[in-house]
Structures are given as C-alpha cells and as structure tokens.
Visitor: 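Here you go, one structure.
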Amino acid sequence: MIELGKYAGTVLAAYGVSILLLIGIVWQTLAANARARRELEKHEKHG
Amino acid sequence: MSIWEYANPVKFMRVSGAVLPWLVATAAICTTGGVAWGFLTPEDYRQGSTVKIVFLHVPAAMMAINIWVMMLVASLIWLIRRHHVSALAAKAAAPVGAVMTLIALATGAIWGQPMWGTWWEWDPRLTSFLILLLFYIGYIALWSSIEDADSAADLTGVLCLVGSVFALLSRYAVMFWNQGLHQGASLSVAEGERMSAVYRYPLYLSMLGFLLLFLALVLIRTRTEIRRRRLAALQAREMRG
Amino acid sequence: MSLLAVHDLAVARGGLRAVEGVSFTLQGGKALILRGPNGIGKTTLLRCVAGLQPPVAGRIEMAADAVAYAAHADGLKSALTVAENLRFWAQVFGGGDEDRALERMDLAALADRPALALSAGQKRRLGLARLLVSGRPLWVLDEPTVSLDAASVARFADMIRMHLSGGGAALMATHIDLGLDEAQVLDLTPYRATPGRVERPAGFNEAFA
Amino acid sequence: MSLLAVHDLAVARGGLRAVEGVSFTLQGGKALILRGPNGIGKTTLLRCVAGLQPPVAGRIEMAADAVAYAAHADGLKSALTVAENLRFWAQVFGGGDEDRALERMDLAALADRPALALSAGQKRRLGLARLLVSGRPLWVLDEPTVSLDAASVARFADMIRMHLSGGGAALMATHIDLGLDEAQVLDLTPYRATPGRVERPAGFNEAFA
Amino acid sequence: MLALLKRDLTLATRAGGGFGLAVAFFLILCALVPFGVGPDSEALRPIAPGILWVGALLSSLLSLDRIFALDHEDGSLDLLATAPIPLEGVVAVKALAHWITTGLPLVVAAPVFGLLLHLPGGAVSWLILSLLIGTPALSMLGAFGAGVTVGLRRGGLLLSLLVLPLYIPTLIFGTEVTRRGAEAGDPFTPMLFLGGITAGVLALVPFAAAAALRVNLR
Amino acid sequence: MLALLKRDLTLATRAGGGFGLAVAFFLILCALVPFGVGPDSEALRPIAPGILWVGALLSSLLSLDRIFALDHEDGSLDLLATAPIPLEGVVAVKALAHWITTGLPLVVAAPVFGLLLHLPGGAVSWLILSLLIGTPALSMLGAFGAGVTVGLRRGGLLLSLLVLPLYIPTLIFGTEVTRRGAEAGDPFTPMLFLGGITAGVLALVPFAAAAALRVNLR
Ligand code: HEM
Ligand SMILES: Nc1ncnc2c1ncn2[C@@H]1O[C@H](COP(=O)(O)OP(=O)(O)OP(=O)(O)O)[C@@H](O)[C@H]1O
Ligand SMILES: Nc1ncnc2c1ncn2[C@@H]1O[C@H](COP(=O)(O)OP(=O)(O)OP(=O)(O)O)[C@@H](O)[C@H]1O
Ligand SMILES: [Mg+2]
Ligand SMILES: [Mg+2]
C-alpha cells in the first residue's frame with residue numbers, strides 16, 4: 001500500500017469523486033445507447 | 001470524397017461503428033493507465049501527496065474548455081451547412097463537458113481545502129469555471145425543453161454562439177474583478193520552472209486518456225441520438241399512416 | 001399575372017410530410033377554398049404560404065409582402081379597445097381606413113370596448129376587420145368563420161366578394177359552408193402524403209428512417 | 001324528474017345583463033340547443049349552468065355534481081400524450097372507460113401522440129372524448145363542433161345520441177347545424193336583456209347608473 | 001387528488017416542465033451575489049445565511065405562476081372546479097407539487113451553495129433544517145398569491161409583489177435559525193416560530209386560496 | 001415601428017400591464033435584504049452597490065417573459081412576422097419598450113434605494129450612471145433569451161437560466177463602477193468596458209434574437 005501522508009483524505013476524496021463522476025457518465029452513456037438500440041430493434045422487428 | 005460525407009448518418013453509423021471498438025479500448029487503457037500512474041507518483045516536497053490530484057484536475061479542466069470549443073464548431077457547422085450529425089454531436093458532447101467541468105471544480109475544491117485553507121475562493125480561474133458550468137447547464141436545459149428536434153438544434157446553436165462570446169467576456173471581466181490565487185499554466189512556461197518528468201509523463205498520458213475517453217463517449221452518444229431520431233421518425237410515421 | 005402560384009408543394013409538420021404534390025394558381029379576383037378531413041395539413045399549408053414555415057419541396061411564387069394571414073389566434077390585445085387594436089394593425093401594415101373596416105364588420109358600436117369584453121364571435125369579427133386595414137391583396141384565412149353567427153357569416157362572404165372585385169384573392173381552409181358559391185374548392189384528400197417514400201424525405205428523420 | 005330546470009334566469013357579464021327571463025327544463029334523454037346572434041350571452045348562460053358563475057336572478061335546479069362542461073379551451077396539456085390527458089380526467093371524475101372513449105372519437109391511433117402535435121380538429125375530438133369518461137349525466141357544451149370536419153361532426157352527433165339514449169341530457173350553444181334533428185332549439189334572441197331597466201339591476205354598477 | 005399530484009409531477013418532469021430549474025436559478029443567484037458584493041470571504045461570511053434564504057425565496061417565487069396560470073389558460077381549472085374534488089384540495093395538492101419540484105431540491109442542494117458563500121460548516125445542518133421547515137410555507141403562500149392573480153395577463157410581477165410581504169416572517173425566522181446556528185447562538189426559538197408559521201399557513205391558507213380562485217373563475 | 005413602440009408602452013401602462021412593478025419589486029428586494037443580512041449599517045455599506053445591481057438585474061429579469069410570450073400566445077407575433085417590418089426591428093423596439101418600462105424607472109428610483117442601503121453619497125451619481133449605461137444591455141440580452149424560449153410553455157425559469165450568465169459581465173463592470181465611485185477609485189476603466197459591452201450587445205444581439213424568433217415561429 002502506498003503512503004499518502006497527512007493528505008490521504010484529500011487525495012482519496014478527489015480520486016473518489018472524479019472516478020464516480022466518470023463512471024456515472026460512462027454508465028449513463030452506455031445505458032442510453034443500449035436502450036435506444038433495443039427499442040429501435042424491437043420497433044423494426046414488429047413495425 | 002469530401003469530409004462532409006461523414007455527416008451522412010448512415011455513413012456515420014458505419015464508420016463510427018468500425019472505429020469505436022479500437023477507440024474504446026485505447027481510451028480505457030490510457031485513462032486508467034494515466035490515472036493509476038498518477039496515483040502512484042511520489043509526493044511533492046511542497047504539496048505533499050496532494051500533487052496526485054493534478055492528474056485528474058488538469059485533464060478535466062482542459063477537456064471542459066475544449067469540449068465547449070468543439071460544441072461551438074459543431075454548432076457552426078450545423079448552422080451554416082446544416083449537417084444533422086454535427087448538431088447531434090454538439091448535443092452529445094454537452095453532458096460530457098458538464099461532467100468534466102464538475103470534475104475540475106470538485107477536485108479543485110477538494111485540493112483547495114489543504115492548499116488555501118478554503119473549499120471555495122472567488123478566484124478568477126475558479127469563477128470562470130463556475131460560469132462555464134452555468135453555460136453547460138443552460139445549453140442542456142434548452143435542448144431538453146424543445147420538442148421539435150430541428151428547432152432545438154437551431155436554437156441551441158445560436159445560444160452556443162452567443163454563449164461563447166459571453167463566456168470569453170466573463171473570463172476577462174472576472175480577471176478584472178479579482179486577482180487570483182490559482183496557479184498559472186506550468187506546462188508551457190520556461191524550462192527551469194517546468195514540472196519534473198516524474199509528473200509530466202503521467203500527466204500527458206492522463207490527458208490523452210481523457211481526450212480519447214471524450215471522443216469515445218461523444219461517438220456513442222451521437223449514435224444514441226441518431227437512433228432516437230430514427231425511432232421517433234418511425235413511430236410518427238406509423239401514427240400518421 | 002397570378003397573385004399566387006404553388007407548384008408541386010409538399011409541407012411537413014413534426015418532421016413528417018402532411019400533403020404533397022399540391023399545385024394551384026390563384027389569380028386576382030378569385031377565391032380558393034381548401035377542404036379535407038381533420039389533420040390532413042390545411043393549417044400547415046396555409047402557414048407555408050404565409051411564409052411562416054418553409055416548404056419541404058416545391059415552390060411558392062408570389063410578390064413580396066402580399067399576404068395577410070388570419071388564423072385561430074386573432075392577435076388582439078385584451079387591454080386595448082377595439083379601435084386601438086385595429087389602429088395598431090393599420091399602422092403596422094401602413095394601410096386602410098379603420099372606421100370603414102369597423103363599419104363593415106358591424107363593430108362601430110363596440111369601438112371603445114376593450115377586446116377583453118368581447119364575445120367569441122365579436123373577437124373573430126375584429127380579427128377579420130384587420131384584413132380590411134392590411135391593404136394586402138392576398139388573404140390567407142384559416143377557418144375564418146369559427147364562432148360567427150349566420151348574419152356575420154353572410155357579412156364575411158360580402159367582405160370577401162368586395163375584396164375579390166377589387167382585384168384581391170383569398171385562400172381559405174374551412175369545414176363549413178361559407179356561402180361563397182363563386183369560389184373554387186380544392187379537396188386536399190388526394191394529396192395526402194404517403195408515408196415511407198424514402199426518396200422524398202421530409203427532413204433528416206425520414207431520410208434516415 | 002328533470003335533470004336541469006332553469007327558472008326566469010338572468011345572467012350578466014361585465015356588470016351588464018346579457019339575457020334575462022330564460023326558463024326551460026331538460027329531461028334525461030333530451031337535448032337542447034341554444035341559438036342566438038354573437039354576443040347575446042350563450043357562453044355566459046352556459047357558464048352559469050355549469051356553476052362557474054352565479055346568476056343575477058332566477059334559479060337553476062339540478063343535482064350536485066351532474067355537469068360536465070366543455071368550452072373552447074379543452075383543458076389539454078400539450079406535454080402529455082392523448083391517452084395520458086384522458087386518463088387524468090377519467091381519474092379526476094372517477095369514471096369511464098378511456099379506451100372506449102378513444103375508440104369512439106377515432107383517436108386510438110393517436111393515443112401516444114403528445115397533445116401538442118394534434119391538429120385543431122384532433123384536439124377538439126380529444127376534448128369531446130373527455131365528456132365520455134366524465135360519467136356525468138348533463139353535458140354543457142359551448143360550440144362543440146368548432147374545427148371538426150363533416151365526418152367528425154357526424155361522429156359527435158352519434159355520441160350525443162348514445163348519451164341521450166343512456167338517460168343523459170345535453171345543453172349546447174352553437175351557430176352551425178349539428179345534424180341532431182331530435183334536439184329542441186331555444187333561440188335566445190327574444191330574451192335579450194333590455195338595458196336601462198333600473199328596477200332590475202344586474203349589480204352595483206347598473207343600480208348606480 | 002392523487003391523480004392530480006401525479007399529473008403535476010409528470011408535467012414538471014416532462015420537457016419544458018421546469019423540474020430542477022429552481023435549483024439552477026438558486027445556483028446562479030448564489031454565483032451572482034459575489035460578483036456584486038466582491039470576492040472577499042470576510043465580506044461574504046456574515047451575509048451568507050441571508051443571501052441563501054433570499055435566494056431560496058426568489059427561486060420559489062419565480063415558478064409560482066406555474067401553479068395555476070397554465071391550468072387557467074388551457075381551461076383545466078374550469079374543469080377542475082366542476083370536478084368532484086373540493087377546490088381546497090386542488091390548492092393543497094398543487095402547492096405540494098410545487099414544493100416537491102422546487103422546495104425539496106433546494107433543501108438537498110443547499111449545502112453546496114453554502115460552500116460557495118463561505119457559510120461556516122456548523123451552520124449547514126441548520127440551514128437545511130430551516131429550509132425543510134420553512135419552504136412548504138413559501139409554496140403554500142405562493143399558491144395563495146397565484147390564486148389571487150390567476151386571471152390577470154402575465155400577473156408575474158404583481159404576484160411577486162403580493163407574495164413577497166407574506167414571505168417576510170418566514171424569511172426572518174429562517175435566516176435567524178441559520179445565523180444563530182453559524183454563530184453558535186440558540187437556534188431553537190426562531191425554529192419554533194418558523195414551525196408555527198408553517199403549520200398555521202398549511203392549515204388555513206388553502207381556504208383563502210380556494211376562495212380567491214372561485215372569484216377569479218366566475 | 002413607432003406604432004409598435006407606442007402600443008407596447010400603452011399596454012404596459014394599462015391595468016395589469018406591469019409598469020412600475022419592476023420598481024416595486026426592486027423596493028421589496030432592497031427591503032428584504034436587511035431582513036436577511038441584518039440591519040447593521042456597517043454590514044450594509046460595503047454590499048450596497050452589489051445588492052443594488054443584483055436587484056436591478058433581477059427586476060429586469062422578472063419581466064422578460066412579457067417581451068414576446070404574450071404576443072406569441074395571441075398570434076400577434078405571427079402577424080408581425082408577416083408585416084412589412086424587419087423582425088430585427090421588432091426585436092429592437094420590444095427591447096427598447098422593455099427598457100423604458102423597467103430599466104428607466106430603476107435609474108430614476110435608484111438614489112432612493114441607495115439611501116435605504118446606506119450607499120455613500122458620492123457613489124450615487126456613479127450608480128445612476130452605471131445603471132443608465134448598463135441596463136439597456138440587460139434588456140437587449142433579455143430579448144434574446146425571450147426570443148429563444150418563446151415557444152415553450154412558461155419558459156420563465158429556463159429563461160432566467162439562459163440569461164443570467166449572459167448578464168455577468170455587465171453586472172461585474174456595473175458594480176465595479178459603483179464601488180470604485182464609493183471608494184474614490186478609478187471608475188472610468190470599468191465604465192468604458194460597460195459601455196463597450198452595451199454597444200456591442202445593442203449592435204449584434206438583435207440579429208441573433210430575430211434568428212431565434214424565426215425558428216420559433218415556424
Ligand atoms: C475549484 C476550483 C478550481 C478550478 C475550477 C480550477 C481550474 C483549473 C484550470 C482551468 C486549470 C487549467 C490549466 C491549464 O491552463 O492548463 C487548472 C490547472 C491547475 N490547477 Fe486548478 N482549479 C481549481 C482549484 C485548484 C486548486 C485548489 C489547486 C491547488 C492548490 C489547483 C492547482 C492547479 C494546478 C497545479 C494546475 C496545473 C497548472 C498547470 O500546470 O497548467 N487548482 N486548474
Ligand atoms: N407539432 C406537431 N408535431 C407533429 N405532428 C403535428 C404537429 N402539429 C400538427 N401535427 C400533425 O400534422 C398534421 C397536419 O396538421 P394541421 O394542423 O395542418 O391539420 P389541419 O388540416 O389544419 O386539421 P384541422 O382541420 O383539424 O385543423 C396532423 O396530422 C397533425 O396531427
Ligand atoms: N368581460 C366582459 N366585460 C363586459 N362585457 C363582456 C365581457 N365578456 C363578454 N361581454 C359581453 O357580454 C355579452 C355576452 O357574451 P357571451 O360571450 O356570453 O356571448 P355569446 O352569446 O357566447 O356570443 P358568441 O356567439 O359570439 O360566442 C357580449 O355582448 C359581450 O360583448
Ligand atoms: Mg387546422
Ligand atoms: Mg360564446
């Protein structure tokens with residue numbers, strides 16, 4: 001385990017928040033894309 | 001073949017579909033690599049371990065600005081040449097830009113606590129970012145509140161144009177208004193003050209990663225938007241027919 | 001020369017074509033009534049002719065500043081009186097004798113009443129009086145006789161006849177009988193756009209669909 | 001028993017009496033059409049009957065919660081779909097089968113379209129479908145067929161007939177022919193209020209005049 | 001009544017419905033004040049509670065005209081008045097929907113804005129609590145104002161004018177709670193008053209608002 | 001065009017037209033701030049220029065949706081678009097009418113409000129001057145925002161969201177003029193910027209606003 005010193009909380013918080021936000025936007029992007037594709041395919045099959 | 005051919009949605013879907021796997025893979029590698037490398041760099045003698053934040057903060061801050069510029073270019077292409085894909089790309093980029101701005105703000109705020117002893121300071125750099133966030137929010141809100149897709153593209157395009165001018169103006173106004181605490185750009189300054197290589201290379205990698213990540217996200221989101229438009233057209237036609 | 005010529009026009013609403021292949025010309029002194037079931041695209045076509053909306057295909061030929069448009073919304077300010085409302089439009093369009101217009105639409109007695117205090121039919125009459133002061137030769141009217149009683153419909157027909165005899169023309173959409181026997185009628189039903197003809201897209205959505 | 005009884009009713013608008021001395025009763029199974037020139041007071045009278053406005057004189061007798069009112073404004077939310085709009089009113093009035101109402105007004109194909117994207121006549125049909133889900137016996141309708149094409153007017157007449165045959169009643173104001181031959185007609189022209197009859201003031205303004 | 005609540009919330013979240021805009025406005029206001037007042041944190045700290053409360057109040061105010069005006073324009077209000085729901089219930093439900101779409105998000109977002117204005121950390125929980133207790137009164141009073149002005153063409157500014165004086169007691173006690181929280185005073189007394197005002201408003205104002213609506217409909 | 005200006009001003013002065021309401025709102029805001037911030041004149045003096053400018057900005061903001069929305073609803077805008085006046089001219093006239101009904105009264109009333117907030121005497125003339133130069137830009141930018149949002153049902157809050165960031169440079173330079181006036185600094189530099197922004201806005205924004213209107217009408 002690497003040593004973060006007295007600023008451990010700060011560094012971890014910064015990394016935590018950023019990674020959460022990044023994961024959030026990536027997840028939202030992929031989910032919306034999958035949904036759009038699914039709906040379109042469903043529609044093209046039936047319609 | 002001119003570059004405008006890629007603005008044809010069918011062609012765009014084909015090309016972007018072919019490029020995406022590679023893009024996603026390199027983006028994932030560079031981003032995680034850059035961030036992880038950054039996290040493992042040694043402490044700075046002045047800033048302690050907080051220097052590690054730079055590998056998130058700086059790439060995010062740069063992307064936040066560059067994404068707005070890209071949206072401006074895309075809006076102009078839409079307004080002048082009326083290529084739908086470019087309008088949709090601008091729409092797709094905005095949420096990514098807003099998130100980048102948020103990351104820059106959040107990491108900056110968290111960093112500020114130990115460095116300046118405050119979460120938030122009305123420093124010009126910071127303030128301009130807050131204003132940029134406002135522009136992103138307004139832009140996204142306008143897109144989402146207009147029903148007709150082409151009108152929405154036109155109106156947000158005009159807003160992006162006017163907004164860019166005022167974002168720039170605000171930057172100068174804010175600098176006039178308050179002298180700041182924030183660091184100047186250190187990547188470009190004279191050799192002596194330059195960041196040591198220990199920090200420079202992971203930073204480069206992280207910046208590249210963020211850029212690729214953004215490109216991948218924009219491509220995927222543009223594809224989503226195109227599919228949505230297609231679905232809406234099919235549904236509308238069915239109802240009418 | 002004809003006041004209005006429409007060639008192979010297609011209009012779209014909400015990204016989908018409504019009617020297509022519509023052609024007609026309108027000479028001075030003539031009136032044309034558009035008919036067709038609800039939702040076929042009469043309103044959309046009239047808005048195109050009035051220049052409020054671009055057509056998807058085809059051409060509309062007419063002189064600049066020739067159109068006076070009147071739709072469901074009459075452009076009345078409820079805080080202004082009948083006379084003030086009319087005077088404003090007369091000034092904007094730079095034409096017309098307001099008092100005669102009030103007289104013709106039987107509104108003289110109501111001239112000083114705020115538009116707020118008019119009944120549905122009285123408002124509509126005021127909206128029609130605006131056409132008289134516009135001084136424009138081509139009238140584009142969307143369901144002009146809604147809410148009018150029988151006497152007012154007859155008065156409206158007279159007003160149209162007078163306009164035609166002065167060399168003007170009128171293009172109207174309506175579902176009911178206007179008592180204008182001399183007007184030609186164009187039924188839009190055969191021009192209903194057939195969906196799914198990709199070679200003639202209404203815009204991005206359809207091109208891609 | 002009659003669904004609605006109106007005795008010697010006088011109604012006022014803007015402090016002036018519009019019509020006065022109107023009396024009629026409406027049994028279940030009957031329809032009454034109010035006629036009269038623009039501005040005589042049809043809308044005002046209907047709003048009184050619907051309970052939106054108090055009468056100046058006379059009595060209106062009917063059961064509580066019996067009226068379904070429909071006027072020019074249809075109470076549609078443009079952001080909601082056709083089905084959502086109708087469902088909301090069905091829930092508020094606690095009645096009715098939405099799908100059948102959509103079917104009856106030929107709106108089933110448009111069920112998932114936002115109300116924003118309807119043409120004038122389609123909106124009106126949706127406003128009428130609301131009556132079907134209200135479950136109320138007495139329909140009070142102000143110019144119900146505005147913007148409707150001929151087929152829709154016939155459909156409307158059918159809907160009224162069905163309502164009447166189910167024991168309901170309808171009170172309508174209109175200027176055009178609804179194709180409802182069995183309905184009685186009441187012309188309001190003879191009841192126009194004579195201005196200046198100080199012994200029967202419409203309110204403070206007139207009493208003071 | 002549930003159907004009405006559901007519809008109003010659906011409308012708010014649909015395109016153009018304005019959900020979240022109150023928070024955005026609040027953010028903008030908190031960002032503007034330093035531009036006006038100056039960036040100095042010493043100058044900002046003492047006025048932070050006041051600015052935050054004034055901001056909450058204004059962003060609630062700006063969306064008031066949505067409460068009834070839209071329904072009046074499209075005729076829904078006429079129809080609701082003839083529906084088998086008491087008009088008082090309609091008012092209460094609409095005020096509730098307004099609070100859920102504007103007040104509640106503010107409560108959630110307030111800590112972040114506190115940061116921008118250098119609100120001391122200890123005061124944040126008091127700020128949240130005071131907003132949570134106070135904002136329902138703002139929505140209900142707003143519904144009253146909206147009911148009074150509903151017939152008027154764009155009564156927006158008039159509405160603000162009518163409602164703002166009614167907001168003053170809530171504002172005073174709300175900021176007092178926050179300020180005393182910041183300066184380690186006794187925040188309980190103003191909190192009690194704040195709660196009392198909200199309770200009274202919620203119990204009585206629906207009747208006044210319904211009466212005003214009835215007048216405006218006729 | 002003159003006829004349009006005259007009509008808009010007449011409408012503003014008629015019942016429900018909202019003339020003077022901007023000033024009233026400004027007054028209420030200036031009265032609220034001491035409730036929020038505390039009545040201490042030492043605390044008020046430094047923030048007075050900022051509050052006054054923020055107040056001017058908000059009260060101009062609140063009446064923005066009147067610029068086009070009413071005309072759009074009743075169909076006047078469709079008719080004006082087919083009238084023999086360029087749409088840019090319509091925008092400019094409407095922004096002017098908005099400024100005359102909201103900006104100008106504020107300029108006139110500002111000294112009084114300055115008193116309420118203990119603005120130093122020497123700064124009053126700078127306040128007036130800065131408002132006089134700055135508020136036309138607010139009206140014109142507001143007309144742009146109103147043009148963009150005109151088709152939307154009650155775009156009020158969205159309008160604020162779009163317009164407020166555009167107001168920031170004007171706000172900064174405006175308060176800077178007033179503050180430097182109060183503290184005997186050099187008010188000419190910010191005044192120059194303020195004038196430059198206003199001139200640029202007046203020259204260019206009508207075209208953007210007219211373009212937005214055309215999109216919204218189709
Ligand atoms: C919350 C707010 C903050 C924001 C919005 C912000 C914004 C930015 C921006 C836009 C850059 C761009 C750099 C460039 O020109 O390439 C940057 C770089 C940087 N920031 Fe921040 N910053 C914030 C807080 C902080 C804090 C608190 C610190 C540390 C004490 C900090 C340290 C740095 C450093 C070291 C750089 C790199 C400068 C360079 O080498 O280019 N920032 N920041
Ligand atoms: N905003 C919109 N988005 C999508 N479709 C729309 C929109 N507005 C109208 N439509 C549809 O466009 C078609 C044409 O509408 P239009 O209003 O021109 O019909 P109309 O012939 O005037 O009908 P009516 O006789 O009922 O007035 C209709 O089918 C309508 O449902
Ligand atoms: N707010 C008002 N103030 C004063 N008078 C009014 C007001 N509203 C309407 N009136 C007048 O009251 C009378 C009755 O109006 P009402 O709307 O009931 O007529 P109507 O019979 O429905 O006419 P229409 O057939 O034109 O709809 C009219 O003469 C009208 O001018
Ligand atoms: Mg139509
Ligand atoms: Mg009527």
Side-chain angles (χ1 to χ4, degrees), chain D residues 11-15 43-44 46-56 62-81 83-95 98 114-116 123-124 126-127 130-131 133-136 138-140 142 203, chain E residues 1-21 63 65-94 96-98 101 147 150-153 210-218:
Chain D
V11 298
R13 187 91 192 121
T43 299
T44 315
L46 294 181
R47 286 181 68 86
C48 275
V49 171
L52 291 168
Q53 178 180 330
V56 215
M62 61 176 168
D65 283 348
V67 173
Y69 174 70
H72 300 279
D74 285 319
L76 303 180
K77 291 292 167 193
S78 49
L80 297 183
T81 66
E84 283 170 333
N85 267 299
L86 199 61
R87 186 165 323 124
F88 168 66
W89 289 113
Q91 284 169 345
V92 165
F93 281 91
E98 300 133 40
L116 174 83
K123 273 194 193 124
R124 178 40 59 120
L126 179 52
R130 186 179 54 74
L131 295 170
V133 299
S134 74
R136 293 279 174 92
L138 178 60
W139 291 357
V140 172
D142 197 358
Chain E
M1 310 250 277
L2 252 179
L4 185 59
L5 183 62
K6 214 179 110 223
R7 181 191 71 151
D8 275 15
L9 294 181
T10 316
L11 280 175
T13 49
R14 284 284 156 89
F19 185 79
L21 286 176
S63 49
D65 62 346
R66 280 171 170 266
I67 298 185
F68 296 120
L70 288 179
D71 278 344
H72 183 257
E73 274 166 28
D74 65 17
S76 301
L77 208 54
D78 281 352
L79 299 176
L80 282 174
T82 62
I85 317 180
L87 211 48
E88 286 78 9
V90 172
V91 169
V93 167
K94 294 214 141 243
L96 177 62
H98 179 260
T101 49
V150 70
L152 314 175
R153 308 292 294 149
L213 269 185
R214 276 200 197 91
V215 171
N216 270 329
L217 283 183
R218 79 173 174 232

Visitor: Hey, what do you get for CG (L79(E)) to OG (S134(D)), rounding to the nearest 0.5 Å?
Guide: 10.0 Å

Visitor: Can you tell which part of D65(D) gets under 4.5 Å to a heavy atom of chain E, answering side chain, backbone, both or neither?
Guide: side chain

Visitor: Rounded to the nearest 0.5 Å, what's the gap from CD on Q91(D) to NZ on K6(E)? Could you check?
Guide: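 Rounded to the nearest 0.5 Å, the CD-NZ separation comes to 5.5 Å.
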
Visitor: For L80(D), is it the side chain, the backbone, both or neither that has a heavy atom under 4.5 Å from a heavy atom of chain E?
Guide: both

Visitor: Would a 4.5 Å heavy-atom cut-off, applied to side chains only, mark L52(D) and T82(E) as touching?
Guide: yes

Visitor: If I measure from the heavy atoms of chain D, does A83(E) come under 4.5 Å with its side chain, its backbone, both, or neither?
Guide: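 Both the backbone and the side chain of A83(E) come within 4.5 Å of chain D.
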
Visitor: When rounded to the nearest 0.5 angstrom, what is the spacing between NE2 in H72(D) and CG in D78(E)?
Guide: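 The NE2 atom of H72(D) sits 11.5 Å away from the CG atom of D78(E).
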
Visitor: In the structure I gave you, are the side-chain heavy atoms of F93(D) and I85(E) within less than 4.5 Å of one another anywhere?
Guide: no

Visitor: Between R130(D) and chain E, with a heavy-atom cut-off of 4.5 Å, which part of the residue counts as in contact: side chain, backbone, both or neither?
Guide: side chain

Visitor: Can you say whether L77(E) sits under 4.5 Å from chain D via the side chain, the backbone, both, or neither, judging by heavy atoms?
Guide: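 L77(E) has no heavy atom closer than 4.5 Å to chain D.
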
Visitor: Side chains of D71(E) and K77(D): does their closest heavy-atom pair fall under 4.5 Å?
Guide: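 The answer is yes; the side chains approach within 4.5 Å.
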
Visitor: What is the distance from atom OG of S76(E) to atom CG of L76(D), rounded to the nearest 0.5 Å?
Guide: 7.5 Å

